[in-house]
Structure formats: structure tokens, C-alpha cells
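Residues take their numbers from the sequence shown, with the count starting at 1.
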Amino acid sequence: MFFELAFSLATAFITPVQKKQPPKNQTIYVKETKEPCTGVAPMQCLQIKGLKDSAWQNLYTNIEGFNYTPGYRYKLLIRVTPVKNPPADGSSLKYTLRKVLEKKKIAKQGTEQTIYVKESKEPCTGVAPMECLQIRDQKDSSWQNLYTSIEGFNYVPGYRYKLLIGITPVKNPPADAPSVKYTLKKVLEKKKIAGANTDKGNIWNYISGKRWNVIQIDGKTLTQSGIWLEFDPATGRFHGKGGCNSISGGYKTSGDVISFSAAISTKMACMDTEVMRREAAFLHMISDKTFRYDVADQTLNLYDNNRLVLMFGMQSKEDRK
């Protein structure tokens with residue numbers, strides 16, 4: 001356990017025969033909230049525990065290189081290093097971030113929250129294999145599994161929902177049951193998702209009739225990126241602009257999946273280095289890559305492992321300049 005490691009390292013400094021202890025790697029969890037604690041003075045402490053620990057404990061120092069955001073639970077790989085001759089009011093151990101293994105948004109308990117529910121469920125494994133609702137809040141770009149139900153919510157596949165839900169703690173839940181209960185307060189929005197239609201021919205008739213301008217890459221919103229694509233289902237080809245150069249290539253679709261191939265561009269050099277960098281990054285992102293897609297709210301969205309990585313805004317071909 002984490003604290004067995006920390007204790008063994010710390011006690012090395014108070015034993016009669018001091019041996020130099022090597023740094024050790026350890027995996028820990030960091031809780032989504034800090035708690036009041038008292039070190040040299042009253043303060044707010046990170047709450048941490050090892051993989052086998054059941055109780056959270058105060059961390060009275062910091063983890064070097066770790067940027068903590070309240071509301072997220074982290075799984076971290078850290079390096080624990082003994083501190084030689086620490087001050088009386090200082091820690092005998094130094095904690096250094098090696099890698100963020102996981103960062104998960106934790107819903108506030110006993111509160112109301114606005115969430116989105118995706119138009120399709122995904123296979124997941126709880127107590128047994130099942131189909132999970134896909135949810136995210138207004139600030140998240142990636143979908144997450146919901147391993148329980150939302151009381152009062154009647155889900156219909158093919159529709160994307162915006163819900164106001166209540167979240168309340170469950171007192172003494174069973175080991176295989178969730179610790180919170182979700183209750184529908186209000187359906188704020190319900191929209192039919194074109195990409196969820198089983199007739200993919202119809203959706204590609206729609207997509208091919210529009211120009212699609214890149215408005216978001218990896219969660220970063222772009223204003224007038226200059227990157228756009230148009231699709232031709234008859235030839236299985238796309239063409240467009242990368243911001244500077246003309247680009248083109250092939251694509252194939254199957255169900256809700258699109259695969260790009262042989263993306264190429266002209267070789268004109270532009271003065272704006274940021275435009276050139278963004279163009280190269282975009283071409284690298286789509287070259288010989290496969291994504292899941294949907295169309296919603298006049299956007300064409302591409303997902304990599306359920307994470308939204310590219311968003312295109314719709315433009316009528318008649319309005320293009």
C-alpha cells in the first residue's frame with residue numbers, strides 16, 4: 001500500500017543505522033476534493049490513497065509537477081524520494097509526478113447537474129457485460145459510461161438529450177451498486193441525430209451537399225481556421241483546403257465509421273507559420289485514420305475512442321466564397 005511505502009522510507013531516517021533509500025515508484029489516487037487539515041498552520045490537504053487502501057488520507061505536501069483541478073479524481077504514477085536532512089517543519093519525502101494515468105470528472109453529490117446523453121449506447125462491463133448510456137457534462141468533450149439508470153428517464157436510441165438531473169448519495173450501497181442515485185428533473189432538449197439513422201445513404205447525401213469547415217481540433221475551438229472539406233460519395237474522394245494548400249484524398253464509410261486514406265496536399269509555402277503548422281497537424285490527424293462520426297446541431301463530429309477530436313461546422317455550398 002502507498003502509506004506502507006511512505007512509512008518505510010520515512011523511518012529510514014530515524015533508525016540507528018541509516019541507509020540510503022532509493023526512490024520508489026507508486027500508483028495512487030487523488031480525490032476530487034481537498035479537506036481542511038492542520039500542518040504548520042491550518043490548510044487544505046489533497047486526499048490520497050494507494051490502490052489497496054479503502055480510506056483517504058491527508059497529504060501535507062505537494063506533488064511536484066501535478067496540476068490539481070477540483071472536481072476530478074486522478075490516478076497517478078508518482079516517484080517517492082527521501083529528502084536528506086529535511087527541515088523540522090518539512091516533509092521527509094518528496095513526491096514527483098511521473099504520469100497521469102487517469103483523470104475522471106466526478107459529479108457533485110446532492111446537487112443538480114446538466115448533462116448530455118448520447119444517441120447510442122456502448123458495450124461496457126459492470127457486474128456483467130451490458131450496454132451503457134454515454135453521458136458528458138457541458139464542459140467535457142469525451143463521453144463516459146453510465147453504469148446505472150437515470151430514474152424517470154425514458155431513453156430512445158437515435159436522439160441526443162440534454163437533461164437536468166438530481167444527484168443524491170446512496171447510504172450504505174451494496175458493493176456491486178453505485179454510490180449515487182440519478183433522478184431526472186427535466187428534459188431540456190431532445191434532438192434527432194442524423195448520423196444515428198440506419199439509412200446511411202441518406203445522411204451521406206446530406207453531408208456531400210455541404211462544405212464542412214473545421215471549428216474544433218482536440219477540444220480547441222478555432223475561429224476561421226481556413227480548413228475545410230467536401231465529400232463526393234460517387235468517387236469516394238474528398239477535397240478541400242488545409243488553410244494554405246489544397247488537400248485531397250480518399251475515404252470509405254461503413255455504418256457510423258469513416259476511414260481516410262492517401263491524404264495529399266499541394267506544396268505551396270505560406271508566410272503564416274501557424275497556418276502551416278495547423279495544416280500539417282490536420283493532415284497528419286486524418287491520414288490513414290479511422291473515426292466514428294455523427295452529425296448533430298449542424299456539425300460533423302469525428303471521434304477517436306469515444307473522444308471528440310474533430311468538429312466541422314456546416315456551410316451551404318451556395319454560401320461559400
Side-chain angles (χ1 to χ4, degrees), residues 105 114-123 132-146 155-163 188-233 238-243 247 249-261 263 278 281-317:
K105 180 74 172 178
T114 299
I115 65 167
Y116 292 95
V117 178
K118 198 179 177 187
E119 60 277 6
S120 59
K121 293 183 178 181
E122 297 291 340
C132 282
L133 288 175
Q134 301 296 293
I135 64 170
R136 62 179 174 86
D137 68 19
Q138 298 183 87
K139 295 181 180 179
D140 290 334
S141 60
S142 59
W143 297 98
Q144 296 189 31
N145 293 327
L146 180 65
Y155 170 75
V156 179
Y159 288 86
R160 183 167 298 180
Y161 296 85
K162 184 179 181 181
L163 306 180
L188 302 175
E189 199 172 82
K190 178 182 178 182
K191 289 188 177 182
K192 181 72 174 176
I193 301 301
N197 195 314
T198 55
D199 185 354
K200 295 298 178 181
N202 287 342
I203 187 58
W204 276 99
N205 287 339
Y206 173 75
I207 292 173
S208 64
K210 308 295 181 183
R211 171 175 290 186
W212 299 95
N213 300 295
V214 171
I215 58 176
Q216 189 181 108
I217 298 178
D218 270 336
K220 181 180 180 181
T221 300
L222 304 175
T223 302
Q224 296 181 339
S225 68
I227 305 173
W228 58 265
L229 296 179
E230 292 180 2
F231 298 89
D232 183 356
F238 70 85
H239 71 274
K241 279 282 189 179
I247 60 177
Y251 76 96
K252 291 182 179 180
T253 63
S254 176
D256 60 355
V257 171
I258 181 170
S259 299
F260 293 89
S261 61
R278 191 164 57 221
F282 174 74
L283 281 173
H284 177 74
M285 177 174 277
I286 68 170
S287 292
D288 300 315
K289 299 293 176 55
T290 297
F291 305 92
R292 188 172 52 77
Y293 74 89
D294 63 34
V295 178
D297 301 331
Q298 298 189 338
T299 62
L300 172 61
N301 309 302
L302 304 187
Y303 301 87
D304 183 15
N305 291 325
N306 280 342
R307 184 173 67 90
L308 179 62
V309 293
L310 276 170
M311 181 185 292
F312 298 81
M314 184 195 73
Q315 179 186 356
S316 172
K317 289 186 177 181

- prompt: For the side-chain contact (heavy atoms from CB on, under 4.5 Å) test, which of I115, V117, L133 pairs with L146?
  reply: L133
- request: Locate the shortest heavy-atom distance separating H284 from K289; write the atom from each residue and the value.
  value: O-NZ, 3.2 Å
query: Which pair of non-hydrogen atoms, one from S316 and one from K210, has the smallest distance, and what is that distance?
result: CA-CD, 4.5 Å
- prompt: Short question: side chain of S208, backbone of P233 - any donor-acceptor pair under 3.5 Å?
  reply: no
Neighbour count >12 (heavy atoms, 6.0 Å) for atom NZ, K190: yes
field: pair R307-D218: side-chain heavy atoms closer than 4.5 Å
entry: yes
message: Please evaluate residues E230 and W212 with respect to the criterion side chain to side chain contact (heavy atoms under 4.5 Å, CB included), reporting the C-alpha separation (whole Å), side-chain torsions for both, the decisive distance (0.1 Å), and the verdict.
response: CA-CA 6 Å; E230 292 180 2; W212 299 95; over 6 Å; no
query: Could you give the distance from CD1 (I247) to CZ (F282), rounded to the nearest 0.5 Å?
result: 5.0 Å
query: Going from CZ on F260 to OG1 on T290, what distance comes out if it is rounded to the nearest 0.5 angstrom?
result: 9.5 Å
- prompt: Rounded to the nearest 0.5 Å, how far apart are CG of L308 and CZ of R292?
  reply: 9.5 Å
query: Ignoring hydrogens and geometry, is there a side-chain-to-backbone donor-acceptor pair from Y159 to K118 under 3.5 Å?
result: no
- line: Sorted by chain and residue number, the salt bridge (Lys or Arg N to Asp or Glu O under 4.0 Å) partners of D137 (sequence neighbours excluded) come out as none
query: Closest heavy-atom contact between Y303 and D294?
result: OH-OD2, 3.0 Å
query: So which heavy atom on S261 is nearest to which on Y251, and how close?
result: OG-N, 4.4 Å
message: side chain to side chain contact (heavy atoms under 4.5 Å, CB included) for I217 and L310? Distances and angles first, verdict last.
response: CA-CA 5 Å; I217 298 178; L310 276 170; 3.7 Å; yes
- prompt: Within the distance-only criterion (no hydrogens, no angle test), does the side chain of K121 pair as donor or acceptor with the backbone N or O of P157 below 3.5 angstrom?
  reply: no
- prompt: Just by modelled atom types, is the Q134 backbone N or O under 3.5 Å from a matching donor or acceptor in the Y116 side chain?
  reply: no
field: For L229 against F238, the heavy-atom pair lying closest together
entry: CD2-CD1, 3.6 Å
- request: Working to the nearest 0.5 Å, report the span between CZ of R278 and CG of L222.
  value: 5.5 Å
task: May I ask you to decide if the ring planes of F231 and W204 are parallel, tilted or perpendicular, using 30° and 60° as cut-offs?
output: perpendicular
- prompt: For the residue pair W143 and R136, what are the closest heavy atoms and their distance?
  reply: CZ2-NE, 3.4 Å
- request: Spell out, as yes or no, whether a donor-acceptor pair under 3.5 Å connects the side chain of Q315 to the backbone of G313.
  value: no
field: L302 CG to I258 CD1 distance, which is reported to the nearest 0.5 Å
entry: 6.5 Å
message: Rounded to the nearest 0.5 Å, what separates atom CD1 in I227 from atom CZ in F312?
response: 8.5 Å
